[in-house]
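A short write-up of the structure that comes next.
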2 protein chains.
Amino acid sequence: MRVAGILLVEDDPSVRTALELALTRQGHSVTSYATGEEALDHIRSRRPEIAILDVMLPGIDGVEVCRRVRKLDQLPVILLTARGDDLDVVVGLEAGADDYVVKPVEPRVLDARIRAVLRRAESAASDRITFGDLVIDRGALKVTLAGKEIHLTPTELRLLLELVRHPGQVLNRRYLLRVVWDHTHIADSRLVDACVQRIRAKIEPRPAAPVFIHTVRGFGYRFSPP
Amino acid sequence: MRVAGILLVEDDPSVRTALELALTRQGHSVTSYATGEEALDHIRSRRPEIAILDVMLPGIDGVEVCRRVRKLDQLPVILLTARGDDLDVVVGLEAGADDYVVKPVEPRVLDARIRAVLRRAESAASDRITFGDLVIDRGALKVTLAGKEIHLTPTELRLLLELVRHPGQVLNRRYLLRVVWDHTHIADSRLVDACVQRIRAKIEPRPAAPVFIHTVRGFGYRFSPP
DNA sequence: GAGTTGTGTCACCAAACTGTGACATGGCGT
DNA sequence: ACGCCATGTCACAGTTTGGTGACACAACTC
């Protein structure tokens, strides 16, 4: 099991140090803060693997941190709540938390929850995305089609990943040129088209009738799974 | 908080009515069925915002419904499963469910899950607007009528989007020419009319008696849902 | 340095799109 | 009922757009 970079946010110093100590002893790498503001900074700059947030915090509370984090990232979140209040559970889930734990919590239980959430996050929202026969492994930067590995060149891969990052959305050529190539200028060029064409030749069973990358005439391209 | 059009599928009548009642009380608009077949029909014709499917159903089961729905749309799905069986969870997630809930379920918890899934779907998927049977997805630049995708050409789409951006407002031809085309000049032409006509031919059930795009004689056109 | 791979560009073609004008239709005031 | 004028309808040809294959050059490998 991987050792996680955990962000712990808890305003009560005694609980905080106790949990930090316990989690560290269990092999996690922990950073802890007392306030939501600090937590958000940390998340933005350090990209922890999981955040454990006390619901009750001075200033920005845990639920609010959770909500903001969710808007910007898939970072897994566990909320700590003081009582087994159903209401808190509801609010927490609404904010998009992956799990919630009622205090006081056995370190061993918390550890199990963390691992469970991480495991879930890893398999669900991991580096690997599957669209029918097409599997895109963002970690290994590998693409396979019906089990066979497909070789994509760096540019092709960047373009495909960009399209896949926004499944179902139409991305226009200007945007793609900017993001994949960094051409801020150059309005017109067949570059994107040519690259799409090359990707299609590799991943589409019938490039003339594409299933993955669809052309939206006059606008751009859309990746949408079959 | 938005009220959702929920499709509930559960074969046990007592559970079904109980959940339907609870969800309705929480402000949702619920339609329920006992079988997967009915559910698929409903989905195709009525376009609910979210489907809650019991995994165990006679005939087409929940997982299968989920799988088929996923093939055709981004409709959010929550699966109801009888036991906390890990296997079910895995199968459910593989079929593309957004969440799964173990029965018996607290209505309040289910409500929270629904809202969480809807929120996620809303932010992940694009912004789409629904007018009865007509769904306009501005991110995917897709228009569907009663579930069937309608192909619009770029100009038609731009015009429709412009009309839809101001529902209920009358937009005159000069304005439309300026915004949709870039004609600052050319006051008179049948251009707008022709384009409206083409859109109507595609989205209006009876183009002679339009329900979406109304002509306001002497002024222009108004988009207003039926 | 020779060969290999990756990338941008171009020209050409087919298909899709669109503006146009002539004509039909229908609403509205008289 | 009549005529006027705004709008609907339609076909077509010119234009635009994207697909495609060829190619040149750069980058990289050995």
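Order of the sequence lines fixes the chain letters, A, B, ..., with proteins taken first and strands second; residue numbering starts at 1 for each chain. Owing to the predicted nature of the structure, the values given are computational and were not obtained by experimental measurement.
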Could you tell me how far apart [X] ([atom1]) and [N] ([atom2]) are, to the nearest whole angstrom?
X	N	atom1	atom2	answer
His214(A)	dA16(C)	NE2	C1'	18 Å
Arg206(A)	dT20(D)	CZ	C1'	16 Å
Asp193(A)	dT16(D)	CG	P	17 Å
Leu157(B)	dT18(C)	CG	P	10 Å
Arg158(A)	dG6(C)	CZ	P	13 Å
Arg190(B)	dC23(C)	CZ	C1'	12 Å
Leu152(B)	dA16(C)	CG	C1'	14 Å
Lys202(A)	dT5(C)	NZ	P	11 Å

Any side-chain N or O of [X] below 4.0 angstrom from OP1/OP2 of [N]?
X	N	value
Trp181(B)	dT18(C)	no
Tyr221(B)	dG8(D)	yes
Arg173(B)	dT7(D)	yes
Thr155(A)	dT7(C)	yes
Thr153(A)	dT5(C)	no
His151(B)	dA16(C)	no
Thr215(B)	dA6(D)	no

Classify [X] by what it touches in the nucleic acid, base, sugar-phosphate, or nothing, heavy-atom distance under 4.0 Å.
X	result
Ala194(A)	base
Val192(A)	nothing
Pro154(B)	sugar-phosphate

I'd like to know if [X] reaches the base of [N] with its side chain such that a donor and an acceptor end up less than 3.5 angstrom apart.
X	N	result
Arg217(A)	dT17(D)	yes
Arg198(A)	dG8(C)	yes
Arg200(A)	dG19(D)	no

I want to check something: taking the side chain as every heavy atom from C-beta on, are [X] and [Y] in contact at a cut-off of under 4.5 Å?
X	Y	answer
Ile114(B)	Leu23(B)	yes
Glu49(A)	Pro76(A)	no
Pro210(A)	Thr215(A)	no
Ser32(B)	Glu10(B)	no

Quick check against the 3.5 Å criterion: does Arg222(B) have a side-chain atom that pairs as donor or acceptor with the backbone of Val216(B)? no

Under a 3.5 Å cutoff, is there a donor and acceptor pairing between the side chains of Tyr221(B) and Arg173(B)? yes

For the side chain of Gln197(B), starting at C-beta, report the closest nucleotide among dT20(D), dT20(C), dC10(D). dC10(D)

